[in-house]
Protein chains: 2
Amino acid sequence: MKQNKAGCDLKSCFLCQLCQPEWNPAIAAYRKTLSYKKGEVIFKEGDLVKGIFFVYNGIVKVHKQWGTEKELIIRFARQGDVFGHRGFGKETYYPISATALEPLTVCYIDIPFFLTTLKMNYDFIFKLMSFYAAELQESERNMRNLAHMPVKGRIVNALLRLQEKFGVTSEGFIGITLSRQDLASYAGTTYETVFRIINEFVEDNLIKLSGKDIGIVNMPKLEQLIEEQP
Amino acid sequence: MKQNKAGCDLKSCFLCQLCQPEWNPAIAAYRKTLSYKKGEVIFKEGDLVKGIFFVYNGIVKVHKQWGTEKELIIRFARQGDVFGHRGFGKETYYPISATALEPLTVCYIDIPFFLTTLKMNYDFIFKLMSFYAAELQESERNMRNLAHMPVKGRIVNALLRLQEKFGVTSEGFIGITLSRQDLASYAGTTYETVFRIINEFVEDNLIKLSGKDIGIVNMPKLEQLIEEQP
DNA sequence: CGCAATGTTGAACAAGGTCAACTGTGGTGG
DNA sequence: CCACCACAGTTGACCTTGTTCAACATTGCG
């Protein structure tokens with residue numbers, strides 16, 4: 001498992017408990033700690049944006065619906081990650097939904113106070129901007145992958161991104177337990193296709209399974225699959 | 001055709017000629033005007049980031065390669081649009097390429113001066129951040145579309161986005177002339193598929209053609225195609 | 001005038017999505 | 001304690017969509 005981070009994504013944000021553990025009355029009034037149960041929806045597409053969230057504990061999936069049955073998982077957020085920041089700019093409605101995948105504790109800061117903080121702290125807004133820039137790069141890389149990479153490569157890619165973010169347990173499994181459905185939504189494919197390909201990988205000894213958990217066995221071979229032209 | 005904008009994407013940027021037409025010696029030293037021919041590459045993936053660009057005139061495509069033969073066009077930039085801003089944050093290499101589609105004149109500002117300006121002007125950095133946020137939303141919407149929307153819908157979507165950005169000529173055609181190849185790359189599909197579907201649309205009287213130019217005839221029917229589940 | 005690039009069309013093929021049936025598993029109430 | 005049900009997981013067969021390949025037409029440009 002990955003070590004806990006020193007602060008949040010926006011180091012020195014001075015807002016969440018991770019960056020500012022000491023009690024600070026000036027901030028405390030605007031900083032709420034909220035808890036959600038596994039599977040609970042924190043907000044959904046179209047909801048009015050009222051604040052921004054920092055994860056203290058647990059895992060959130062940030063996802064976008066397509067009709068009723070299909071979704072694409074844009075990103076997972078774990079301890080120290082920000083989410084809900086997509087509701088900025090002109091739009092005051094969330095363009096995405098957020099759902100707890102594990103029991104979750106977050107720090108919630110309402111927009112007006114957040115904006116005030118941004119205004120007073122150049123370093124902070126610069127970090128936030130850099131964070132957006134990084135997310136944009138990631139998003140556009142994924143766009144290209146969805147457009148041109150065959151499913152097999154997209155699934156490998158999803159696994160590698162998950163391992164990167166959630167690390168590896170002592171037994172060599174990726175540090176997050178996902179339903180196949182969620183893995184499919186993350187890779188931008190279907191349930192059944194994920195199975196077949198996961199199975200194929202197990203047979204080829206590229207990954208190993210333990211219940212729902214997945215462990216990467218042969219990283220180089222997998223990486224090769226990503227590069228592969230159809 | 002759309003009217004020219006008052007300033008650039010980042011109104012009040014105080015950098016490009018569009019926002020600051022008067023001669024300003026303090027800025028002039030850092031502001032270069034560059035010209036490119038049709039088809040010329042302004043920068044490509046992996047190039048070192050040295051500056052940021054504002055379009056005075058012409059059209060740029062911002063695209064991402066996949067292997068040698070495939071690309072995905074992320075975005076088009078026209079008068080007043082910024083590009084090259086993806087090279088921010090940790091990465092100092094462009095994650096995308098930029099190519100002129102028409103004879104192009106741009107304003108080029110080198111990074112150190114740009115950063116200095118950002119530092120001195122809260123309003124400016126806030127606008128830049130909002131701009132990133134908006135691009136992120138757009139990018140993630142497109143991600144979902146690429147993952148779940150059938151090709152027909154993606155092509156319609158591409159056409160509507162083009163019309164939104166480049167407006168309509170007096171004869172009712174979208175204000176940009178694209179090769180079928182570029183349209184395909186924008187919609188995330190192939191050449192031949194674009195063709196067949198464009199033909200189908202013409203037969204169904206949803207769009208009209210004049211050479212390579214495309215005009216939207218029946219907007220509601222097209223919009224319906226976007227919503228359509230497979 | 002000829003060559004290269006771009007456009008046009010048909011046919012074959014394959015990836016992967018859909019559907020349907022079946023299996024295991026855990027929870028619940030009798 | 002067991003029978004039942006609901007639901008996630010698993011698998012096979014089929015079929016649609018869209019890509020690929022290949023051949024040919026047209027445009028444009030030196």
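What's counted below: heavy atoms across the whole structure, side chains too, no hydrogens, waters or symmetry copies. Order of the sequence lines fixes the chain letters, A, B, ..., with proteins taken first and strands second; residue numbering starts at 1 for each chain.
- For the OP1/OP2 pair of D:dG9 and a distance below 4.0 Å, the side-chain nitrogens and oxygens of A:Y191 include at least one atom meeting the criterion.
- Nearest nucleotide to the side chain of A:K212, out of C:dG16, C:dG7, D:dG9: D:dG9.
- Axis deviation across the helix from C:dC1-D:dG30 to C:dG30-D:dC1 amounts to 30°, comparing end segments of five pairs, rounded to 10 degrees.
- Atom C1' of nucleotide D:dT17 and atom NE2 of B:H148 are separated by 17 Å, given to the nearest angstrom.
- When each of A:L104, A:T33, A:L34, A:V106 is checked for a side chain to side chain contact (heavy atoms under 4.5 Å, CB included) with A:Y56, only A:T33 meets the rule.
- Residues B:Q163 and B:V168 approach most closely at CD-CG2, 3.5 Å, considering heavy atoms.
- Distances shown here put a side-chain N or O of A:N199 below 4.0 Å from the OP1 or OP2 atom of D:dT11.
- A sub-4.0 Å separation between OP1 or OP2 of D:dT20 and a side-chain N or O of B:K70 is present.
- Under a 3.5 Å cut-off, the side chain of A:R154 and the backbone N or O of A:N145 do not form any donor-acceptor pair.
- Across the protein-nucleic acid pair, B:M149 atom CE and D:dT17 atom C1' stand 16 Å apart, rounded to whole Å.
- Nucleic acid contact for B:E192: base, since at least one base atom lies under 4.0 Å from a heavy atom of the residue.
- The shortest distance between the side-chain N/O atoms of B:T190 and the OP1/OP2 oxygens of D:dT19 is below 4.0 Å.
- Between B:R75 and the options B:E138, B:E135, B:H63, a side-chain hydrogen bond (donor to acceptor under 3.5 Å, both in side chains) holds for only B:E135.
- Checked options B:I74, B:I96, B:I42; the residue passing with B:F83 is B:I42 (criterion: side chain to side chain contact (heavy atoms under 4.5 Å, CB included)).
- The CZ atom of A:F195 sits 12 Å away from the C1' atom of C:dT23 (whole-angstrom rounding).
- If you measure from atom CD1 of A:I197 to atom P of D:dT10, you get 15 Å, rounded to the nearest angstrom.
- Computed from coordinates, the B:D182 CG to C:dA5 P distance equals 16 Å when rounded to whole Å.
- Rounded to whole Å, the distance from CD1 on A:I155 to P on C:dA15 is 14 Å.
- Contact check, A:T193 against C:dA15: no side-chain N or O comes under 4.0 Å of OP1 or OP2.
- OP1 or OP2 of C:dG17 lies within a sub-4.0 Å distance of a side-chain N or O belonging to A:T189.
- Remark: the A:R196 side chain and the C:dT18 base include a donor-acceptor N/O pair separated by less than 3.5 Å.
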May I have the step-by-step check of ring pair (Phe, Tyr, Trp, His ring centres under 6.0 Å) for A:F195 and A:Y191, ending in yes or no?
CA-CA 7 Å; A:F195 276 128; A:Y191 207 60; 5.6 Å; yes
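- As a whole-Å value, the separation of B:K37 NZ from D:dC29 P is 15 Å.
- B:L146 places its CG atom 11 Å from the P atom of D:dT19, with the value rounded to the nearest Å.
- Between A:Y132 and A:H85, a ring centre-to-centre spacing shorter than 6.0 Å is recorded.
- A close approach under 4.0 Å does not occur between any side-chain nitrogen or oxygen of B:R154 and OP1 or OP2 of D:dG18.
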Could you walk me through whether B:Y186 and B:F76 satisfy the ring pair (Phe, Tyr, Trp, His ring centres under 6.0 Å) test, starting with their C-alpha distance in whole Å, then the side-chain angles of each, then the deciding distance to 0.1 Å, before giving a yes or no?
CA-CA 9 Å; B:Y186 193 44; B:F76 294 96; 4.8 Å; yes
